[in-house]
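Chain naming here is simple, since letters A, B, ... match the order of the sequence lines and numbering starts at 1 in each. Computed from heavy atoms alone, side chains included, the values below leave out hydrogens, waters and symmetry copies.
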Amino acid sequence: MLQTAQRSSETIKTKAVPHERFLEAFRWMLLARTFEEKLVSLYRGGLITGGVYIGKGQEAVSVACGLFLQKGDIFAPLIRDQAGRSAFGEPLVDVARTYLGSRQGPMRGRDGNIHRGLPRQGQLAMISHLGAMVSVTVGALMAKRFKGEKNFIGLSCIGEGGMQTGSFHEGMNLAAVEQVPLVIVATNNHYAYSTPNEREFACAELVDRAKGYGFEGYNLDGTDLSACLDVIGSAVKRARAGRPPQLLVASTLRLSGHGEHDDASYVTDEIKREPFAQDCLKRADKLIVDLNLVDAKRLQGWRDDAAAQVDQAITTAQKEAAPDANEDWCAISTRALVDQAQ
Amino acid sequence: MLQTAQRSSETIKTKAVPHERFLEAFRWMLLARTFEEKLVSLYRGGLITGGVYIGKGQEAVSVACGLFLQKGDIFAPLIRDQAGRSAFGEPLVDVARTYLGSRQGPMRGRDGNIHRGLPRQGQLAMISHLGAMVSVTVGALMAKRFKGEKNFIGLSCIGEGGMQTGSFHEGMNLAAVEQVPLVIVATNNHYAYSTPNEREFACAELVDRAKGYGFEGYNLDGTDLSACLDVIGSAVKRARAGRPPQLLVASTLRLSGHGEHDDASYVTDEIKREPFAQDCLKRADKLIVDLNLVDAKRLQGWRDDAAAQVDQAITTAQKEAAPDANEDWCAISTRALVDQAQ
Amino acid sequence: MSITYLEAIREAQAKLLRDDERVFIYGQDVGGTFGGAFKATKGLAREFPGRVLNTPISEDAIVGTAIGAALHGMRPIVEMQFADFSSLALNQILNNAGTHYWRTNVPVPITIRLPSGGTKGSGPFHSQSMESIYAHYPGLIVMTPATVEDAYTMLIEAVAIDDPVVYCEHKYLYYHLKADKLPTEGLPAGKARIAREGRDLTIVTYSAMVQEALAVAEELASDGFEIEVVDLRTVKPLDTDTVLASVARTGRLLCVGESFPWGGATAEVIARVTSEGFHLLDAPPQRVNAKDTPIPYHPNLWSVHRPNAKSIAAKARNLLRE
Amino acid sequence: MSITYLEAIREAQAKLLRDDERVFIYGQDVGGTFGGAFKATKGLAREFPGRVLNTPISEDAIVGTAIGAALHGMRPIVEMQFADFSSLALNQILNNAGTHYWRTNVPVPITIRLPSGGTKGSGPFHSQSMESIYAHYPGLIVMTPATVEDAYTMLIEAVAIDDPVVYCEHKYLYYHLKADKLPTEGLPAGKARIAREGRDLTIVTYSAMVQEALAVAEELASDGFEIEVVDLRTVKPLDTDTVLASVARTGRLLCVGESFPWGGATAEVIARVTSEGFHLLDAPPQRVNAKDTPIPYHPNLWSVHRPNAKSIAAKARNLLRE
Ligand SMILES: Cc1ncc(C[n+]2csc(CCOP(=O)(O)OP(=O)(O)O)c2C)c(N)n1
Ligand SMILES: Cc1ncc(C[n+]2csc(CCOP(=O)(O)OP(=O)(O)O)c2C)c(N)n1
Ligand SMILES: [Mg+2]
Ligand SMILES: [Mg+2]
């Protein structure tokens, strides 16, 4: 039960992942990449206020997080999870609305960029403080158990940086104590902002932490979509089957700045040559071409479709009104209680 | 470097621990036990205000923590470390003063019971919030390294309950990142206050956490003084020799209430029959008698001496004045800055 | 029959567990046969199996878990072992629970019980009053019950409210305060209470200091002064209207709080009264707070550190002389 | 030459590292070639090898480590990436650093830099002003520099002070505020500064709001009003004397702060002035604070949420009319 294993799946020829799933995942990745490229260009053009944080290079891990979840599951995405959020069902227009501050977005201009969510639909709205959403996921799963729901799981994302927070530790331990069906997907993209792994932790393998909590732990190659689908899909299955909580640690490189304000000049050339620095989207694309899973025309059609979806989402959101400052400025829902004096 | 090992040392006949060390440790244990029994009777008699928290059943682990430390080392004892504190050099009269609120104690009546320390002498003054002192120990060790000191180590104590705090996790991880010569001695006494292990953590072995941080980890039998001296002594040696930080996990049972206000009726009879429920002091005593390490008369002399020391400490402290409420009530040392308006 | 403040808290929780299956209690040592460091949940784990749960020593995750459960239909009650340890859950309380409704339109109905305030010999880490910290940040309701009756009805109300409630129960009142029976209803949150009528001076206070203020009122009555005592009940929202109406009657304001002197509830009350009711005042408003040091262990020091009937009476007499 | 508020902070740290070998800088991303999320430590890691250290994302342990190092002879400067994340270090700050000297007689000379306050589009978790939380608890000095000169001299002073200092630097001022050169000396901590003299109304404020207040003073000058602006510089200790002296001259008090409205620095100032200088006031004291909600992301909302020259001027005009 507590073993820590290394899994690898070189190509989808392993049959672990059916072609359809792979292609579906690829399309979400494509959509996320296209959308985020658009966000970047809007940001560069001064059309987005605040920060833009993208998941370039991490779409394979992220999409696999969103793809195996069902209605009734809990998803706690983090900074770099555009692909997973979309795959889980977040409407692209809501993302555009959040970045552009539309009053029709789920955050109504009150919160921006990655700090969005649809809690009623099971997608938690992250706060910035890393690690904090793990225990929130645990609580949501406990609620479902209390209410007698069945066949639900939770999936909470984290970076290797966030794994060093006290909040993460407490949340992970509590998940094990409560034996909730939780999958934690950690992505070690080798940096927390500008800080390299050497100044983040000193263990040989982050996945070794699993055992110390009573989690099952697996490593995976975050640049290999097929591996991501296989390993994350299997972990989701195990969680649904009532196994102990699962810790997955994916290896990638963040292929962008921390945010778009950051040129990431601190990323060394050496690290850029590492296997984990490969672009998961390019790898998946090449595999599709090499194995001739989809012909060039259909592939182009997918690209066009992604671009069209992105355009539509952005155009819609751009037309919508900004929030109105003449609101009632009340932070609680029990308005009758509101302090009239302020 | 990252292996997790189980050590055991049935008797001191293993030669790992010389007789003299064992006997010295035994005397500190005796002193701590005698002193704490006295505290309990003062508390029952209404002569101590606030709480009394004793280390009954944990003296073997604790004494080994204090005994191998030298001047220049950093010791961060916790709730149940009377034996270790004494062995490290804390004057018994200062403990009495703290419990009795003498103005001549190191805490001058401002803080009581276990929240005492002599930071200038390397014994940190714990705050109640568990886990918080680990990083403080790390910082003290960094300071020593910055200043070019040599041959120092730090030893920080924790209970299995405190290991679940976020603060503990962050401190432990930081120790590994900074590669400071730290030994963490965790005592799993099977309860955090009334909460049994099942509701504290869900891993098979707490010591398995070591690997996930880049610590070296060892288990030990906390009821076996000889094992405590061996395992803790060796870890201290490794830390001094520049090895990675060390995590030791001792197994015991708290042989008292959480504090003296607590009758511990929640401790099950079943658990009281476990091997880890043995009284480490009785075990050491029996070994001394069985192996005839010391004759009965000398042993009695030690007991009498402990009783005399305790009496003297208490009598001295009881004669001293209480703190004067007409003080200047200033929480900062830079008095010139003090806000006159309050 | 007579019931203590502590028993009222236990009874409220028993009733909540009985009447509402969404309620569960989460915290260190609340469960098992033990029932909490102060026995506020004594017997409840047996009476309501699986709904009164011990937790690891993980304040941040305890509150995070409660937030998640509340978002998915539950009504968790969290017990902090001491208010002082809530410093470790503060991020979840302020930044997660406190912001959630405003950000997402989805409220977070959690109740966090903080055993608060000083008792003899408890020292710097088991005596704190943190209401002013929680009230400073938006999104939270902060209750500070001062009577057995309020302890009961306000806890029931806290769980009914859709927003996060920080419920500061005072440890000094646990055994000291008794009532004949439990009420069936009480004032709503956000409404202050005139604990004693008077016309010479208004003491505005809350929590354990209400008792001290009443003692002062009694003492000064023998000198012919009629002191009005306003019990805020909730420090946020703060019932400025009731306070202003009282000051309109008396012309004099003394604010008393057990927490530290810089900022906090007493400063807030004075700022409100002076900006909205300046001309009601016949004399400068005054405050009595704890001293600006950690809370001392030794009873000699502690009795001076916290406001008490004596120090409040002295301030009140001065103010009556102005 | 011209130097910004942010450059002054960097220069102060460079000087401290140069002059005092006990100083080191500890925090997320402060080191390497990066030099901090705001570049406040740019280049320092190279200039002072081994003394400007990146940390894991572990706010509690970062401050705990600084405390331990300070106890053993160092003078650590901690950079929080944003003030908002200090909620996770709050326990170490309040309960460990803040109590240590009083408990043990051994002071803890740490400086914690909090990049504070709102900037456009930063939202609920990257905009907070936490000075009122830290000032409420005993044992800390809380600095809130409002000028380039103060940013420089106060940071140097913070490190010299034996007690823990929470140094709240305002992100909005980082690039907006410039000076010709760095000063060689400044006012000591605990002393407020008259930022502009006037005789009709006193605005007491600190940090970024000083600039807004000065703009208001300028604006109202064209209507013939002379507004005095008091920059508190440190909100704790708070220089009541300077404030009272100003109110004695003007008879009118307006307190402005960017943090949340309940409690906090503005309430504290009003409570002090009204209890100690009630008869100096010719009109009710007033406050302008941020609104009692999380800090909004959208610029339309944010510009209304925070006090600004317009909302302050409106309040000032009303007050001048009373
Ligand atoms: C508790 C906390 N401290 C600091 C920050 C500021 N911060 C935002 S993202 C980030 C780096 C995160 O690194 P990692 O978890 O590895 O995720 P990645 O950005 O690499 O995907 C930091 C330090 C934060 N969000 N939360
Ligand atoms: C962060 C924190 N939360 C709660 C407490 C209250 N408390 C004091 S001791 C204790 C139990 C500690 O258990 P453990 O760490 O196993 O040590 P033991 O008492 O068993 O020696 C608790 C919950 C605390 N001191 N710190
Ligand atoms: Mg990372
Ligand atoms: Mg224990």
Side-chain angles (χ1 to χ4, degrees), chain A residues 74 76 106-108 110-111 115-120 122 124-129 131-147 149 152 154 156 165-178 180 329-342, chain C residues 21-22 24 26 50-51 53-74 76 88 91-92 95-96 98-110 137-141 161-164 188-190 234 236-241 243-244 272 276:
Chain A
I74 303 291
M107 314 312 277
R108 298 159 296 154
R110 294 175 176 192
D111 211 339
H115 303 97
R116 63 188 189 273
L118 296 162
R120 298 265 191 235
L124 301 178
M126 65 174 274
I127 63 169
S128 287
H129 303 71
M133 301 312 290
V134 177
S135 58
V136 178
T137 313
V138 172
L141 298 175
M142 286 177 69
K144 285 172 175 287
R145 186 162 63 197
F146 270 124
K147 294 189 293 181
E149 291 182 28
F152 57 84
S156 205
T165 63
S167 190
F168 178 79
H169 166 76
E170 292 188 1
M172 189 158 162
N173 185 57
L174 207 55
V177 167
E178 299 292 3
V180 288
W329 294 103
C330 177
I332 59 172
S333 74
T334 320
R335 270 153 219 257
L337 288 183
V338 173
D339 190 359
Q340 302 303 339
Q342 260 321 314
Chain C
E21 60 181 16
R22 301 171 306 171
F24 70 100
Y26 210 52
R51 295 173 65 197
L53 299 172
N54 281 348
T55 63
I57 306 177
S58 301
E59 282 78 6
D60 181 285
I62 291 167
V63 173
T65 299
I67 292 170
L71 286 175
H72 285 271
M74 302 299 287
L88 295 159
N91 185 59
Q92 293 281 12
N95 284 315
N96 215 342
T99 67
H100 199 273
Y101 169 71
W102 200 74
R103 293 168 60 229
T104 65
N105 227 12
V106 180
V108 181
I110 60 173
Y137 263 61
L140 306 169
I141 289 161
I161 286 174
D162 281 342
D163 296 290
T234 52
K236 190 173 185 184
L238 197 159
D239 183 357
T240 319
D241 292 348
V243 172
L244 283 172
R272 290 190 188 201
E276 296 171 42

(Q) Using a 4.5 angstrom heavy-atom cutoff, name the option from C/Ser58, C/Gly190, C/Gly50 with the most pairs to chain A. (A) C/Ser58
Q. Between A/Arg110 and C/Trp102, is there a donor-acceptor pair closer than 3.5 Å when you use the side chain of the first and the backbone of the second?
A. yes
Q: Can you tell which part of C/Leu88 gets under 4.5 Å to a heavy atom of chain A, answering side chain, backbone, both or neither?
A: neither
Q | C/Ala66, part contacting chain A, at a heavy-atom distance under 4.5 Å | A | neither
Q | Distance-minimising heavy-atom pair for C/Pro56 and A/Leu174 | A | CD-CD1, 3.2 Å
Q. Between A/Met133 and C/Asn96, does a side chain to side chain contact (heavy atoms under 4.5 Å, CB included) hold up when you go through it step by step?
A. CA-CA 9 Å; A/Met133 301 312 290; C/Asn96 215 342; 3.9 Å; yes
Q. Would A/Ile332 and C/Ile161 count as a side chain to side chain contact (heavy atoms under 4.5 Å, CB included) if you check the C-alpha gap in whole Å, the side-chain angles of each, and the deciding distance to 0.1 Å?
A. CA-CA 10 Å; A/Ile332 59 172; C/Ile161 286 174; over 6 Å; no
Q: Answer with side chain, backbone, both or neither: which region of A/Glu149 has an atom nearer than 4.5 Å to a non-hydrogen atom of chain C?
A: neither
**Q.** Top contributor to chain C contacts, counting heavy-atom pairs under 4.5 Å, from A/Thr137, A/Ile127, A/Ile74
**A.** A/Ile127
(Q) To check you understand the geometry: which heavy-atom pair defines the closest contact between C/Asp60 and A/Ser135, and what is its length? (A) O-OG, 4.1 Å
Q | Worked check of side chain to side chain contact (heavy atoms under 4.5 Å, CB included) between C/Arg51 and A/Phe146 | A | CA-CA 9 Å; C/Arg51 295 173 65 197; A/Phe146 270 124; 4.3 Å; yes
**Q.** Closest non-hydrogen atom pair between A/Met126 and C/Arg103, with its separation
**A.** O-NH2, 2.9 Å
(Q) Measuring from atom NE2 of C/His100 to atom CG of A/Leu124, what distance do you get when rounded to the nearest 0.5 angstrom? (A) 7.0 Å
**Q.** Top contributor to chain C contacts, counting heavy-atom pairs under 4.5 Å, from A/Cys330, A/Gly131, A/Pro119
**A.** A/Pro119
Q: Pick one of side chain, backbone, both or neither for A/Met107, based on which atoms fall under 4.5 Å of a heavy atom in chain C.
A: both
Q. Looking at A/Arg108 and C/Asn105, what are the two nearest heavy atoms and their distance?
A. NH2-N, 3.3 Å
Q) Between A/His115 and chain C, which part of the residue has a heavy atom less than 4.5 Å away: side chain, backbone, both or neither? A) both
Q. To the nearest 0.5 Å, what is the distance between CD1 (C/Ile57) and CD (A/Glu170)?
A. 10.0 Å
Q. If you count heavy-atom pairs under 4.5 Å between each of C/Val108, C/Asn95, C/Leu140, C/Thr99 and chain A, which one has the most?
A. C/Asn95
Q: Check whether more than 12 heavy atoms from other residues, nucleotides or ligands sit under 6.0 Å from atom CD of C/Glu21, and answer yes or no.
A: no
Q | Side-chain heavy atoms of C/Asp163 within contact of A/Leu337, under 4.5 Å | A | no
Q) Among C/Met74, C/Arg22, C/His72, who wins on heavy-atom pairs under 4.5 Å with chain A? A) C/His72
Q: State, to 0.1 Å, how close C/Pro107 and A/Ser333 come at their nearest heavy-atom pair, and which atoms those are.
A: CB-OG, 3.8 Å
(Q) Under a 4.5 Å cutoff for heavy-atom pairs, which residue among A/Gly171, A/Gly122, A/Ala132, A/Ser128 has the most contacts with chain C? (A) A/Ala132
Q: With a 4.5 Å cut-off on heavy-atom pairs, point out which of A/Lys147, A/Met172, A/His129 contacts chain C the most.
A: A/His129
Q) Quick one: what part of C/Ile141 sits under 4.5 Å from any heavy atom of chain A, side chain, backbone, both or neither? A) side chain
Q | Closest heavy-atom pair and its distance - A/Ala331, C/Pro138 | A | CB-CB, 4.1 Å
